[in-house]
Amino acid sequence: MSGASRYRRLVLELFMNAADRRIVRSAAEFAALFGFDLIGVFVEDEGLLGLARLPFARELRLPTHQWAPLNTEQLALEFQHAAEEARRELDRVAEAFGISVSFEKVRGDPISTILEQIGPSDVLVIAQPTMPPRHLAQTFTRLGETAFRSRAGLMFLPLEASSQKGAVSVLIRDPSDPNLELAARLALALNEDLLVLLPESTGQVHHRALLERLSRFGIGAEKVRILMLPHINQVDLVRVLTENTARLLILSREMTGGDNLALVEAMAAFGVAVLVVEPQEEKP
């Protein structure tokens, strides 16, 4: 897809959501739309395995709600079963969506290990864990904050993303922003409306010129809504995207503001996926 040509792979971390089919299928859907390969990476948490070896380590077992010693062999077996289920789900979506997939199982720190697998031509998919235990919530926060400092593209998926319908939205700095084409192509592929968001600080924008540019990408004026935002912050973005029933927000890192993860979590709470990409490099 034009506008996403700098990326080649969608890399899905499977540690926090190994068995969640909704997340795997949603990632596969976007991989198919973008024409990317889907890479599933399952990280066996070396820290948890090390903790299980300590004599005082305990876990709260359900449904008995009794404390019991952590068992290293049992934990390793649970990792193995989760990885096998993730691999099977990747095989299922490969057939369903007609995409190329691969699976990698590695052992190490979930943060540093997953980031070692990605580069500037990748989009890393991160999904919030379902009702996460504390260590998974902390892992999500650390992974998200660290990933924002990488050069890879980032896609944050809410659990409802696979069933969410609505407009593709894009926050651009001005009408020449290359993400406009990416959003337009994706809206066409999904047969959804395109919601274009611009900061009022951009100045007077001629809507006709913007619509003419979009028509060159194949999207008609009847499928486009253009809104000028007085402030770019998570409160206003959530309000606008929920009022306009958006399913996806595309923006560059430079447009996310200071608290990147807060914006992402606010979007996820309303079922809006977020795609964060690097600005297109200027040609000499």
Side-chain angles (χ1 to χ4, degrees), residues 7-20 23-24 26-27 30-31 36-54 57 59 70 72 75-76 78-87 89-90 101-159 161 251-253 256-269 273-278:
Y7 300 117
R8 297 287 182 270
R9 308 188 310 167
L10 208 62
V11 180
L12 175 63
E13 68 81 22
L14 292 167
F15 172 70
M16 290 185 290
N17 293 282
D20 198 306
I23 292 299
V24 179
S26 184
F30 281 111
F36 295 163
D37 294 340
L38 179 61
I39 315 298
V41 180
F42 184 92
V43 182
E44 293 183 338
D45 190 343
E46 202 167 48
L48 280 180
L49 290 170
L51 179 64
R53 298 186 186 100
L54 299 176
E59 65 176 341
L70 274 173
T72 305
L75 186 59
E78 290 174 2
F79 278 150
Q80 180 180 339
H81 287 167
E84 289 173 354
E85 177 56 31
R87 184 196 293 270
E89 186 59 30
L90 283 172
V101 303
S102 62
F103 176 81
E104 300 175 17
K105 185 174 73 171
V106 292
R107 178 174 293 187
D109 172 70
I111 309 303
S112 58
T113 303
I114 193 72
L115 293 177
E116 288 170 0
Q117 310 297 315
I118 61 172
S121 62
D122 297 325
V123 175
L124 174 63
V125 180
I126 304 174
Q128 287 184 305
T130 311
M131 297 181 65
R134 190 168 186 174
H135 74 271
L136 286 189
Q138 293 172 343
T139 298
F140 169 81
T141 300
R142 288 175 52 220
L143 179 57
E145 290 175 345
T146 307
F148 263 106
R149 297 195 291 271
S150 75
R151 292 288 293 175
L154 304 175
M155 174 166 275
F156 293 87
L157 291 181
L159 290 175
L251 72 168
S252 298
R253 272 176 171 77
T256 59
D259 197 345
N260 300 318
L261 207 55
L263 171 62
V264 167
E265 290 176 326
M267 296 294 115
V274 179
L275 175 61
V276 181
V277 296
E278 287 295 324

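Numbers for residues simply follow the sequence, beginning at 1. All values reported here derive from a predicted model rather than from experimental measurement.
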Mind checking whether [X] and [Y] have side chains closer than 4.5 Å, heavy atoms only?
| X | Y | result |
| --- | --- | --- |
| I126 | L157 | no |
| F148 | V276 | yes |
| I39 | V101 | no |
| V41 | E13 | no |

Just how far is it from atom [atom1] of [X] to atom [atom2] of [Y], taken to the nearest 0.5 Å?
| X | Y | atom1 | atom2 | value |
| --- | --- | --- | --- | --- |
| F103 | L90 | CZ | CG | 7.0 Å |
| L124 | L143 | CG | CG | 6.0 Å |
| R149 | L115 | CZ | CG | 9.0 Å |
| E116 | I111 | CD | CD1 | 11.5 Å |
| E89 | L14 | CD | CG | 10.0 Å |

**Prompt:** Does the side chain to side chain contact (heavy atoms under 4.5 Å, CB included) test come out yes or no for V123 and L154, once each step is laid out?
**Reply:** CA-CA 5 Å; V123 175; L154 304 175; 5.9 Å; no
**Item:** Check: R253 side chain, V277 main-chain N or O, donor-acceptor pair, under 3.5 Å
**Value:**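 Side chain of R253 to backbone of V277, a donor-acceptor pair under 3.5 Å: no, none is there.
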Residues in side chain to side chain donor-acceptor pair (under 3.5 Å) with [X], at least two apart?
| X | answer |
| --- | --- |
| R9 | D122 |
| E84 | Q80 |
| T146 | none |

**Asked** Sequence neighbours excluded, which residues qualify as side-chain contact (heavy atoms from CB on, under 4.5 Å) partners of A152?
**Response**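 Per chain and number, A152 pairs via side-chain contact (heavy atoms from CB on, under 4.5 Å) with I118, S150.
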**Message:** Testing the basics here: between I23 and P158, what is the closest heavy-atom pair and its distance to 0.1 Å?
**Reply:**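 In terms of heavy atoms, the two residues are closest at CD1-O, 3.8 Å.
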**Prompt:** Is the F36 ring parallel, tilted or perpendicular to the Y7 ring (thresholds 30°, 60°)?
**Reply:**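 Ring orientation, 0 to 90° scale: perpendicular.
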